[in-house]
Asker: 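A single structure is presented below for examination.
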Amino acid sequence: MTTAEPIGRALAVVDAGAVERNCRTLKGRIGDRAELCAVVKANGYGHGAAACAAAALRGGATRLAVAAAEEAAELRLHFPDVPLLVMGALTEGELRTALAARADVAVWREGFRELCSRVAADQGRMAKVHVKLDSGMGRLGERDPDALMELARACHDDQRLEVAGIWTHFATADEPEDEFLSEQLAVFRPVAEAVRDIAPGCTVHAANSAATLRDPEAHFDMVRCGIAIYGLDPFHRDPAEHGLEPALQLHSYVADVKRFPSGASAGYGRTWRAPEDTWVGVLPIGYGDGVRRGLSNNAEVLVGGRRHPLVGTVSMDNITIDLGPETDMAPGAPAVLIGSQGSERILTEEVAARLATINYEVTCGISQRVRREYRE
Ligand SMILES: Cc1ncc(COP(=O)(O)O)c(C=O)c1O
């Protein structure tokens, strides 16, 4: 089988329509009372931040969240009026960038509150702050509820600041049997209510994708969904179980097909040798594109609608696959590393399991060298 025009060495095809539909599905789960904030940090988990943000907004998201100030500044160019939240820790310079982009920021220390106030005054604006409780994640946020309340009052009393949110983040929402989510909720709820007494208009938010799908008690005024909007399963199984459609496919093509006599080896270190006479396809995609080296002799690739084992060591720019002793595959045949071809499909979750990691890391790892093409 040949194709006239190979798609190119490495291409991520992103179905923006799937992102839109996934957001609609999530909106259906949370109802009208809670807002959907689409988390598009890390270039939209590797899918492309601006295109996915636009799709998410079409699908019912009303806000966007990122980790870094620069990400907010970039999004602001595309979305002049959409509320943005920077969730991460910020240096003074980064805070200046975030506030100049009119993004809301996270606050959990008095020193940073003072800095926000000062930078807001310098820039002649109000800063919208979301006070963050560490209810058990053990990462960013104030652990002590009393200290957080004091901070919330100080923010409220500050002419330059508006308490726009009270929030937290869950550590184990993706482990359905675990009860720590309920414990975190029990810590967060009274603090959220007390902050709301001080700042009645503020947004209470806690849930990531897993908590959104798992527990309506975690929805509050807004949910912050990342992984699910891209159609990936927060529980590391099959996204279809939650009505989610994977948005990203990773394509390459067979650049060469060669006959391997029994015993001939493929790639660095000769980690694979043909067990019998066979045909080997060479695909011009490798770890420089985000196909991790841990997939050496440990993955399958779709060509001609069938699975073929990735054999040998993944190199920076190439991989090799065993097409079998008889093949009608010829140079130019399209190959799919993530996605479907014919009736076969390879989920990001499958690739993640082979690497003993999570789907997040697989799509975030697709490198800049891989062209993104958007389809509806
Ligand atoms: C603070 C915070 N909220 C929400 C999210 C979105 O989580 P998920 O992608 O699991 O929906 C993240 C992502 O890591 C996060 O760090």
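The figures here come from the full heavy-atom set of this structure, side chains too, leaving out hydrogens, waters and symmetry mates.
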Asker: Show your working on side chain to side chain donor-acceptor pair (under 3.5 Å) between S117 and D158 and close with a plain yes or no.
Answerer: CA-CA 7 Å; S117 183; D158 191 318; 2.8 Å; yes
Asker: Hey, does C52 have a side-chain heavy atom less than 4.5 Å from the side chain of Y230?
Answerer: yes
Asker: Give a yes or no on whether the backbone of V291 and the side-chain of D289 come within a donor-acceptor separation of less than 3.5 Å.
Answerer: no
Asker: NE2 of H130 to CG of D104: how many Å apart, nearest 0.5 Å?
Answerer: 3.5 Å
Asker: Hydrophobic clusters here meaning ILVMFWY residues chained together by side-chain heavy-atom distances under 4.5 Å, can you tell me if L355 and I358 are in one?
Answerer: no
Asker: With a 4.5 Å limit on heavy-atom distance, are the side chains of T203 and R63 in contact?
Answerer: yes
Asker: Considering non-hydrogen atoms only, spot the tightest contact between L244 and G231 and give its length.
Answerer: CB-CA, 4.0 Å
Asker: Check whether any side-chain N or O of R33 sits under 3.5 Å from a backbone N or O of F220 as a donor-acceptor pair, and report yes or no.
Answerer: yes
Asker: Looking at every non-hydrogen atom in both residues, tell me the closest pair between R270 and S265 and how far apart they are.
Answerer: NE-OG, 2.7 Å
Asker: For R293, does the CZ atom have more than 12 heavy-atom neighbours from other residues, nucleotides or ligands under 6.0 Å away?
Answerer: no
Asker: Do any N or O atoms from the side chain of T320 and from the backbone of A266 form a donor-acceptor pair under 3.5 angstrom?
Answerer: no
Asker: Using a strict cut-off of less than 4.0 Å between a Lys/Arg side-chain nitrogen and an Asp/Glu carboxylate oxygen, indicate whether R109 and E142 qualify as a salt bridge.
Answerer: yes
Asker: Would you call E110 and R113 a salt bridge, using N to O less than 4.0 angstrom?
Answerer: yes
Asker: Sub-3.5 Å donor-acceptor pair from the side chain of T278 to the main-chain atoms of A274, do we have one?
Answerer: no
Asker: How long is the gap from CZ on R102 to CG on L84, to the nearest 0.5 Å?
Answerer: 8.0 Å
Asker: Okay, side chain of T271, backbone of G267: is any donor-acceptor separation there less than 3.5 Å?
Answerer: no
Asker: Could you report the tightest heavy-atom contact between L283 and S252, atom names first, then the distance?
Answerer: CB-OG, 4.1 Å
Asker: After noting the C-alpha distance and the side-chain angles of Y45 and L248, does the key distance pass the side-chain contact (heavy atoms from CB on, under 4.5 Å) rule?
Answerer: CA-CA 10 Å; Y45 293 34; L248 180 142; over 6 Å; no
Asker: Between F112 and L90, is any pair of side-chain heavy atoms under 4.5 Å apart?
Answerer: yes
Asker: Can a donor-acceptor pair be found, under 3.5 Å and without considering hydrogens, that links the side chain of H236 to the backbone of N359?
Answerer: no
Asker: Do the side chains of R214 and D174 get close enough for a salt bridge, i.e. N-O under 4.0 angstrom?
Answerer: no
Asker: With a 4.0 Å cut-off, would you call R76 and E74 a salt bridge?
Answerer: no
Asker: Measuring only between side-chain heavy atoms, which start at C-beta, is V119 closer than 4.5 Å to Q123?
Answerer: yes
Asker: Report whether L213 and Y360 are members of the same hydrophobic cluster (ILVMFWY, side-chain heavy atoms less than 4.5 Å apart, transitive linking).
Answerer: yes
Asker: Check the pair L181, E179 against side-chain contact (heavy atoms from CB on, under 4.5 Å), reporting the backbone distance first and the verdict last.
Answerer: CA-CA 5 Å; L181 172 71; E179 285 172 10; over 6 Å; no
Asker: So V254 and V257, do their side chains get closer than 4.5 Å, heavy atoms only?
Answerer: yes
Asker: Check for me whether the distance between the ring centres of H205 and H219 falls short of 6.0 Å.
Answerer: no
Asker: Taking all heavy atoms of A211 and all of A173, pick out the closest pair and write down the distance.
Answerer: N-CB, 3.7 Å
Asker: Quick check: do D215 and L185 have side-chain heavy atoms less than 4.5 Å from each other?
Answerer: yes
Asker: I'd like to know if the side chain of N318 reaches the main chain of I285, judged simply by a donor and an acceptor atom lying under 3.5 Å from each other, with no hydrogens or angles considered.
Answerer: no
Asker: Between E376 and R58, is the salt bridge (Lys or Arg N to Asp or Glu O under 4.0 Å) condition met? List the steps.
Answerer: CA-CA 12 Å; E376 287 303 320; R58 284 197 298 275; 3.5 Å; yes
Asker: Could you give the distance from CG (L337) to CG (L11), rounded to the nearest 0.5 Å?
Answerer: 11.5 Å
Asker: Between R96 and E94, is the closest basic N to carboxylate O distance under 4.0 Å?
Answerer: no
Asker: Looking at D32, I want to see if its CG is surrounded by more than 12 non-hydrogen atoms of other residues, nucleotides or ligands under 6.0 Å.
Answerer: no
Asker: Please check if W167 and L151 belong to a single hydrophobic cluster, counting links between Ile, Leu, Val, Met, Phe, Trp and Tyr side chain heavy atoms closer than 4.5 Å.
Answerer: yes
Asker: Give a yes or no answer on whether the side chain of T313 reaches the backbone of Y268 with a donor-acceptor pair at less than 3.5 Å.
Answerer: yes
Asker: Give the cluster check for V131 versus M137: same hydrophobic cluster or not, with ILVMFWY residues linked at side-chain heavy-atom distances below 4.5 Å.
Answerer: no
Asker: Charged N to carboxylate O under 4.0 angstrom, R237 versus E349?
Answerer: no
Asker: Do R369 and D317 sit within salt-bridge range, that is, some charged N less than 4.0 Å from a carboxylate O?
Answerer: yes
Asker: Would you give the length of the straight line joining atom CD of Q249 to atom OG1 of T348, rounded to the nearest 0.5 angstrom?
Answerer: 9.5 Å
Asker: Is the CD atom of E241 crowded by more than 12 outside heavy atoms at less than 6.0 Å?
Answerer: yes
Asker: Below 4.0 angstrom, N of the basic side chain to O of the carboxylate: do E20 and R24 qualify?
Answerer: yes
Asker: Flag the pair R118 and E114 as a salt bridge only when some basic side-chain nitrogen lies within less than 4.0 angstrom of an acidic carboxylate oxygen.
Answerer: no
Asker: Would M329 and W279 count as a side-chain contact (heavy atoms from CB on, under 4.5 Å) if you check the C-alpha gap in whole Å, the side-chain angles of each, and the deciding distance to 0.1 Å?
Answerer: CA-CA 9 Å; M329 292 303 132; W279 291 97; over 6 Å; no
Asker: With rounding to the nearest 0.5 angstrom, report the CG to NZ distance, L36 to K27.
Answerer: 7.0 Å
Asker: How far apart are the C-alpha atoms of T62 and E35, what are their side-chain angles, what is the distance that settles it, and do they pass the side chain to side chain donor-acceptor pair (under 3.5 Å) test?
Answerer: CA-CA 6 Å; T62 45; E35 284 184 72; 2.7 Å; yes
Asker: Above 12 or not: heavy atoms from other molecules or residues under 6.0 Å from NZ of K128?
Answerer: no
Asker: Could you check whether any side-chain heavy atom of R189 comes within less than 4.5 Å of a side-chain heavy atom of E217, counting everything from C-beta outward?
Answerer: yes
Asker: Using side-chain heavy atoms (C-beta onward) and a distance below 4.5 Å, is V280 in contact with I321?
Answerer: no
Asker: Between the main-chain N or O of E177 and the side-chain N or O of E175, is there a donor-acceptor pair closer than 3.5 Å?
Answerer: no
Asker: Taking atom CZ of F79 as the centre, does the number of heavy atoms from other residues, nucleotides or ligands within less than 6.0 Å exceed 12?
Answerer: yes
Asker: Using only atom types and a distance under 3.5 Å, with no angle test, would you say the side chain of S367 pairs donor to acceptor with the backbone of G288?
Answerer: yes
Asker: Counting only heavy atoms not in E373, do more than 12 sit closer than 6.0 Å to its CD atom?
Answerer: yes
Asker: Specify the closest pair of heavy atoms between H169 and S135, including all atoms of both residues, with the distance to one decimal.
Answerer: O-OG, 4.2 Å
Asker: Determine whether V303 and I346 fall in the same hydrophobic cluster, where Ile, Leu, Val, Met, Phe, Trp and Tyr are linked whenever their side-chain heavy atoms lie under 4.5 Å apart.
Answerer: yes
Asker: Provide the closest heavy-atom pair for V86 versus A72 in the form atom of the first, atom of the second, distance.
Answerer: CG2-CB, 3.6 Å
Asker: Let me confirm one number: the CZ-CZ distance from R307 to R345, rounded to the nearest 0.5 Å.
Answerer: 9.5 Å
